[in-house]
Amino acid sequence: MRITTWNINSLRARLHRVPDWLDQAAPDVLCLQETKCQDKEFPRELFEARGYQVAIYGQKTYNGVAIASKLPMTDIELGLPLQGDPEARGIAATIGGIKVVNLYVVNGKAVGDAKYAYKLRWLDALCDRTDAWRAAGGPLLLCGDFNIAPTDEDTWDADLWFGKVLCSPPERARFQRLLDSGLVDAFRKKHPDAWGRYAHTWWDYRGGGFQRGFGMRIDHFLVTADLLDRSRAVVIDREARKGEKPSDHAPVTLFLDEDPPAAS
DNA sequence: ATGGCCATCATGGATGGA
């Protein structure tokens, strides 16, 4: 079973890339962030024609999350983790016995900005919800665009990013609190020696960031120990960041009970 | 270099992203 997380940076602006990518990567579960479309405009047929069912939680212009799954989805939850959140940033479903939580964490703009306070409040709610999910027991998987680089080494330039949004201690403390709840950063655990550009998941469009290796590792899988035991690899699809009008994030795939294709 | 790019809504330029 393979599960992919991908900040698509507008689904409709990525329609020229998604069909081929889906056919080639063929994940069982695809968690999308920043779909940027209302539910009535979601291209369901694209997924349904390939054997997926979809659970969507969108809004106009901004944010928006969706799960496409070849396996049945039950217990679909929309609008988590923050009660009354006007922004569409969280969706969850139980798939193959796993509680899959797909998140688009608040960016925060800059330390001290009102959006940064919203980010911390949002993360606090996520930590609380995670504690409740953990207490309920069972396999739990959080994935998505966390907008947090967990360590200085998850940036291309630690000095440049020191203390800034995505890297600030309060954000990292909340990421640590998720780990303290019994979740594991699957990429870091499975690939402890992978650092630098081949461990990054996002690159700025500006200044040829991708070509120069100026990226960050901000898209994550946080999983319970039982799922880590089943994890063979976490693969960042850098090819999808190349070519015509890519998203600025690469898709990241967790391979459960299944070896990834050999690198070509 | 107070930047560079991209998507949205809208049709110019502001806003958000990270």
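The figures that follow rest on heavy atoms only: side chains count, while hydrogens, waters and symmetry mates do not. Bear in mind that the values here come from a model prediction, so they are computed numbers and not experimental data. Chain letters run A, B, ... following the sequence lines, proteins first and then strands; every chain starts at 1.
- A donor-acceptor pair is defined here as one N or O able to donate and one able to accept, closer than 3.5 Å; such a pair exists between the side chain of A:R134 and the backbone of A:S181.
- For the P atom pair drawn from B:dC5 and B:dA10, the interatomic distance equals 25 Å after rounding to whole Å.
- A:F214 has its ring centre no less than 6.0 Å from the ring centre of A:H200.
- Look at the C1' atom in both B:dG17 and B:dG4: the space between them is 15 Å, to the nearest Å.
- Comparing the P positions of B:dT8 and B:dG3 gives a spacing of 24 Å, expressed to the nearest Å.
- Between A:Q211 atom CD and B:dG4 atom P there is a gap of 17 Å when expressed in whole angstrom units.
- For A:R12, the salt bridge (Lys or Arg N to Asp or Glu O under 4.0 Å) partners at least two apart in sequence or on another chain are A:E41.
- Here salt bridge (charged side-chain N to carboxylate O under 4.0 Å, His left out) pairs that include residues 89-105 of chain A, with residues two or more places apart or in two chains, are A:E77-A:K99, A:E87-A:R89.
- Contacts classified as salt bridge (charged side-chain N to carboxylate O under 4.0 Å, His left out) and involving residues 160-178 of chain A (residues at least two apart or in different chains) are given here: A:K119-A:E171, A:D124-A:R174, A:D128-A:R177, A:D131-A:R177, A:D152-A:R172.
- The six-membered or imidazole ring of A:F47 lies near that of A:F42, with a centre-to-centre distance under 6.0 Å.
- Looking at residues two or more places apart in sequence or on another chain, you find no side chain to side chain donor-acceptor pair (under 3.5 Å) involving A:D39.
- Base pairing in DNA chain B yields stems of at least 3 consecutive Watson-Crick or G-U pairs, both distances under 3.5 Å, namely B:5-9 with B:13-17.
- When the P atom is compared between B:dA18 and B:dA7, the two are found 13 Å apart, to the nearest whole Å.
- B:dT11 and B:dC6 are spaced 23 Å apart, taking the P atom of each and rounding to whole Å.
- Remark: A:K70 does not engage A:D28 in a salt bridge, criterion side-chain N to carboxylate O under 4.0 Å.
- Taking for each of A:A13 and A:R212 the nucleotide of DNA chain B with the nearest heavy atom, the 5'-most of the two is the partner of A:R212.
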Under a 4.0 Å heavy-atom criterion, the protein footprint on nucleotides 13-18 of chain B, written with B, S and -, is ---SBB
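- With salt bridges taken as basic N to acidic carboxylate O contacts below 4.0 Å, one links A:R50 and A:D23.
- Nucleic acid contact for A:K60: sugar-phosphate only, since backbone atoms but no base atoms lie under 4.0 Å from a heavy atom of the residue.
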